[in-house]
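Below you'll find the structure, written out as structure tokens, and then a few comments.
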Amino acid sequence: VDRGNELLDTRVILFDCSKIPFIDSSAVFALEDMFLTLNDKGIKVIIFADEKIISTIKNLGMTQIIPEQHLFNDKQKAIEHAKKHIGECK
């Protein structure tokens, strides 16, 4: 993450989880570690996923790390939100 971020000046990452049929708590906690690292680097994390996945993320308390307003079940809205953050970084 460090080297790639330095080279690309990454500010926002949009995770497309739309093809993931389900997610269990161990996967959520693995994602949590990755998201914490990204947040520490100042990178915003936005997730596009099925409502079932979003519900699991919320139920497991990940909204402490990824704000609820960064969780989307509509791909276009997720992209628009990411673009807003990119615009704020310029």
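All values reported here derive from a predicted model rather than from experimental measurement. Sequence positions, counted from 1, serve as the residue numbers for this chain.
Atom-to-atom distance recorded for Glu80:CD and Asp74:CG is 8.0 Å, nearest 0.5 angstrom. A distance of 6.5 Å separates SG of Cys17 from CD1 of Ile57, quoted to the nearest 0.5 Å. Within the model, atoms NZ of Lys41 and CZ of Arg11 stand 12.0 Å from one another, a figure rounded to the nearest 0.5 Å. Distance check: Asn73 CG to Ile54 CD1 gives 5.0 Å after rounding to the nearest 0.5 Å. Note: Ile47 CD1 to Phe35 CZ = 4.0 Å, rounded to the nearest 0.5 Å. In this structure, NZ in Lys58 is found 13.0 Å from CG in Leu60, a value given to the nearest 0.5 Å.
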- Message: Evaluate Phe15 against Met34 for side-chain contact (heavy atoms from CB on, under 4.5 Å), listing each step before the verdict.
- Response: CA-CA 12 Å; Phe15 285 91; Met34 182 174 51; 3.7 Å; yes
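In terms of modelled atom types and a separation under 3.5 Å, the side chain of Asn39 and the main chain of Ile65 share a donor-acceptor contact.
Hydrophobic clustering (ILVMFWY, side-chain heavy atoms < 4.5 Å, transitive): Phe29 and Leu38 are in distinct clusters.
Val28 is listed as a side-chain neighbour of Thr56, based on a closest heavy-atom distance under 4.5 Å. Within the 4.5 Å cutoff, the side chain of Leu14 has heavy atoms near those of the Ile79 side chain. Side-chain contact between Ile13 and Ile46: absent, with no pair of heavy atoms (C-beta onward) separated by less than 4.5 Å.
No option in Leu31, Ile66, Leu71 other than Ile66 meets the side chain to side chain contact (heavy atoms under 4.5 Å, CB included) test with Val45.
The local environment of CD in Gln64 is sparse, with at most 12 non-hydrogen atoms from other residues, nucleotides or ligands closer than 6.0 Å.
Aromatic ring pairs are classed by plane angle as parallel below 30°, tilted from 30° to 60° and perpendicular above 60°; the pair Phe72 and His81 is tilted.
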